[in-house]
Amino acid sequence: MVTLRVGLGYDIHPLVRGRKLVLGGVLIPFEQGLLGHSDGDVVCHALMDSLLGACGLPDIGSLFPPDDPAWKDARSLDLLGRVVQDIRGRGWNIGNVDIMLIAEKPKIAPFVGQIRENLSQTLGVHKTQVGFKVTTNEGLGSIGRGEGMCCFAVSLLVQEGP
Ligand code: MG
(Lines give C-alpha, C1' and ligand atoms only; values in the text may rest on other atoms or scores of the structure.)
Protein backbone atom coordinates (compact mmCIF):
# COMPACT_ATOMS: atom_id res chain seq x y z
CA MET A 1 0.00 0.00 0.00
CA VAL A 2 1.30 3.46 -0.95
CA THR A 3 0.20 6.63 0.84
CA LEU A 4 0.74 9.99 -0.89
CA ARG A 5 0.60 13.40 0.80
CA VAL A 6 0.96 16.81 -0.79
CA GLY A 7 2.03 20.00 1.02
CA LEU A 8 2.06 23.70 0.09
CA GLY A 9 4.49 26.34 1.32
CA TYR A 10 4.75 30.10 0.79
CA ASP A 11 7.12 32.76 2.10
CA ILE A 12 8.02 36.40 1.51
CA HIS A 13 10.92 38.53 2.75
CA PRO A 14 11.83 42.19 2.21
CA LEU A 15 15.04 43.07 0.34
CA VAL A 16 17.34 45.48 2.20
CA ARG A 17 20.86 46.83 1.87
CA GLY A 18 23.57 45.39 4.12
CA ARG A 19 22.35 41.79 3.93
CA LYS A 20 23.69 38.85 1.94
CA LEU A 21 21.38 37.36 -0.67
CA VAL A 22 21.08 33.61 -0.06
CA LEU A 23 18.68 31.50 -2.14
CA GLY A 24 18.60 27.72 -1.87
CA GLY A 25 21.81 27.98 0.14
CA VAL A 26 23.62 29.77 -2.72
CA LEU A 27 25.23 33.16 -2.04
CA ILE A 28 24.20 35.40 -4.92
CA PRO A 29 26.11 38.63 -5.62
CA PHE A 30 23.66 41.56 -5.28
CA GLU A 31 23.62 44.91 -3.49
CA GLN A 32 20.68 43.80 -1.33
CA GLY A 33 19.74 40.72 0.67
CA LEU A 34 16.62 39.28 2.25
CA LEU A 35 15.83 40.53 5.74
CA GLY A 36 15.08 37.84 8.31
CA HIS A 37 16.06 36.38 11.65
CA SER A 38 17.86 33.56 9.82
CA ASP A 39 19.67 34.11 6.52
CA GLY A 40 16.24 34.98 5.02
CA ASP A 41 16.46 32.17 2.45
CA VAL A 42 12.90 32.42 1.16
CA VAL A 43 13.35 29.32 -1.05
CA CYS A 44 14.31 27.02 1.83
CA HIS A 45 11.56 28.52 4.03
CA ALA A 46 8.77 27.89 1.51
CA LEU A 47 10.13 24.40 0.82
CA MET A 48 10.30 23.51 4.54
CA ASP A 49 6.70 24.61 5.07
CA SER A 50 5.53 22.47 2.14
CA LEU A 51 7.31 19.40 3.58
CA LEU A 52 5.95 20.04 7.06
CA GLY A 53 2.47 20.70 5.70
CA ALA A 54 2.44 17.40 3.83
CA CYS A 55 3.08 15.61 7.17
CA GLY A 56 0.46 17.68 9.00
CA LEU A 57 3.21 19.13 11.19
CA PRO A 58 3.38 22.71 12.57
CA ASP A 59 5.08 25.31 10.34
CA ILE A 60 8.70 26.53 10.54
CA GLY A 61 7.64 29.50 12.68
CA SER A 62 6.79 27.03 15.45
CA LEU A 63 9.79 24.78 14.82
CA PHE A 64 12.37 27.59 14.60
CA PRO A 65 10.75 30.57 16.40
CA PRO A 66 12.07 33.96 15.18
CA ASP A 67 12.46 35.13 18.81
CA ASP A 68 14.73 32.16 19.64
CA PRO A 69 18.40 33.31 19.55
CA ALA A 70 19.40 29.77 18.55
CA TRP A 71 18.20 30.50 14.98
CA LYS A 72 19.72 33.97 14.66
CA ASP A 73 21.53 34.09 11.28
CA ALA A 74 20.91 30.34 10.96
CA ARG A 75 21.72 28.82 7.58
CA SER A 76 18.30 27.85 6.26
CA LEU A 77 19.73 25.01 4.17
CA ASP A 78 20.81 23.42 7.48
CA LEU A 79 17.31 23.95 8.90
CA LEU A 80 15.94 22.24 5.78
CA GLY A 81 18.25 19.31 6.53
CA ARG A 82 16.74 19.05 10.03
CA VAL A 83 13.21 19.04 8.62
CA VAL A 84 14.15 16.32 6.11
CA GLN A 85 15.62 14.19 8.92
CA ASP A 86 12.42 14.66 10.92
CA ILE A 87 10.04 13.66 8.14
CA ARG A 88 12.22 10.69 7.11
CA GLY A 89 12.16 9.59 10.75
CA ARG A 90 8.37 9.49 10.45
CA GLY A 91 8.65 7.09 7.51
CA TRP A 92 8.12 9.57 4.67
CA ASN A 93 10.10 9.65 1.44
CA ILE A 94 10.16 12.63 -0.89
CA GLY A 95 8.45 11.94 -4.23
CA ASN A 96 9.25 15.34 -5.70
CA VAL A 97 9.22 19.03 -4.88
CA ASP A 98 8.48 22.00 -7.11
CA ILE A 99 9.43 25.56 -6.34
CA MET A 100 8.46 28.89 -7.90
CA LEU A 101 10.55 31.90 -6.88
CA ILE A 102 9.28 35.36 -7.80
CA ALA A 103 12.09 37.90 -7.97
CA GLU A 104 12.45 41.03 -10.09
CA LYS A 105 16.23 41.39 -9.67
CA PRO A 106 18.95 40.11 -9.90
CA LYS A 107 19.01 37.50 -12.66
CA ILE A 108 18.81 34.14 -10.87
CA ALA A 109 19.18 31.96 -14.00
CA PRO A 110 22.99 31.55 -13.68
CA PHE A 111 22.52 30.08 -10.17
CA VAL A 112 19.60 27.72 -10.81
CA GLY A 113 21.85 24.68 -11.34
CA GLN A 114 23.66 25.19 -8.04
CA ILE A 115 20.41 25.85 -6.16
CA ARG A 116 18.90 22.59 -7.49
CA GLU A 117 22.12 20.76 -6.62
CA ASN A 118 22.04 22.09 -3.03
CA LEU A 119 18.37 21.26 -2.60
CA SER A 120 18.59 17.75 -4.08
CA GLN A 121 21.59 16.97 -1.86
CA THR A 122 19.88 18.25 1.27
CA LEU A 123 16.62 16.48 0.40
CA GLY A 124 18.54 13.29 -0.48
CA VAL A 125 16.81 12.97 -3.84
CA HIS A 126 17.84 13.06 -7.51
CA LYS A 127 17.99 16.44 -9.23
CA THR A 128 15.09 15.42 -11.48
CA GLN A 129 12.90 15.33 -8.36
CA VAL A 130 13.60 19.01 -7.65
CA GLY A 131 11.78 21.56 -9.79
CA PHE A 132 12.98 25.14 -9.45
CA LYS A 133 11.74 28.02 -11.56
CA VAL A 134 12.10 31.77 -11.33
CA THR A 135 9.86 34.44 -12.75
CA THR A 136 9.48 38.19 -12.31
CA ASN A 137 6.28 39.93 -11.26
CA GLU A 138 6.39 42.01 -14.47
CA GLY A 139 6.96 45.17 -12.44
CA LEU A 140 3.65 44.82 -10.60
CA GLY A 141 3.19 45.35 -6.86
CA SER A 142 5.84 45.31 -4.14
CA ILE A 143 7.66 42.28 -5.58
CA GLY A 144 7.62 43.93 -9.01
CA ARG A 145 9.17 47.07 -7.50
CA GLY A 146 11.98 44.92 -6.11
CA GLU A 147 11.02 45.51 -2.48
CA GLY A 148 11.23 41.81 -1.71
CA MET A 149 11.04 38.27 -3.02
CA CYS A 150 8.43 35.59 -2.50
CA CYS A 151 8.38 31.88 -3.11
CA PHE A 152 5.84 29.07 -3.48
CA ALA A 153 6.65 25.38 -3.02
CA VAL A 154 4.79 22.09 -3.22
CA SER A 155 6.07 18.74 -1.99
CA LEU A 156 4.83 15.24 -2.57
CA LEU A 157 5.63 12.70 0.15
CA VAL A 158 5.38 8.94 -0.24
CA GLN A 159 5.01 6.26 2.40
CA GLU A 160 5.03 2.57 1.57
CA GLY A 161 3.50 0.24 4.10
CA PRO A 162 2.03 -3.18 4.49
MG1 MG B 1 10.81 33.13 6.01
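Only heavy atoms go into these numbers, but all of them, side chains included; no hydrogens, no water, no symmetry mates. Order of listing sets the numbers, starting from 1, for every ligand and every atom in it. Please read these numbers as outputs of a predicted model, since none were measured by experiment.
Other residues, nucleotides and ligands contribute at most 12 non-hydrogen atoms within 6.0 Å of the NZ atom of K107. Heavy atoms from other residues, nucleotides or ligands lying under 6.0 Å from CZ of R19 number more than 12.
Only protein N, O or S atoms were considered, and those under 2.8 Å from the Mg ion (ligand 1) are D11 OD2, H13 NE2, H45 ND1.
One finds no salt bridge joining E104 and R145 here, because no Lys/Arg side-chain nitrogen approaches an Asp/Glu carboxylate oxygen to under 4.0 Å.
For the pair V22 and R75, the minimum side-chain heavy-atom distance is 4.5 Å or more. Residues D73 and D39 have side chains not in contact (no heavy-atom distance under 4.5 Å, counting atoms from C-beta outward).
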Can I get a per-line list of side-chain donor-acceptor pairs under 3.5 Å for residues 151-161, giving both atom names and the distance, sequence neighbours left out?
residue: S155; atom: OG; partner: S50; partner atom: OG; Å: 2.6
residue: Q159; atom: NE2; partner: R90; partner atom: O; Å: 2.9
residue: Q159; atom: NE2; partner: G91; partner atom: O; Å: 3.2

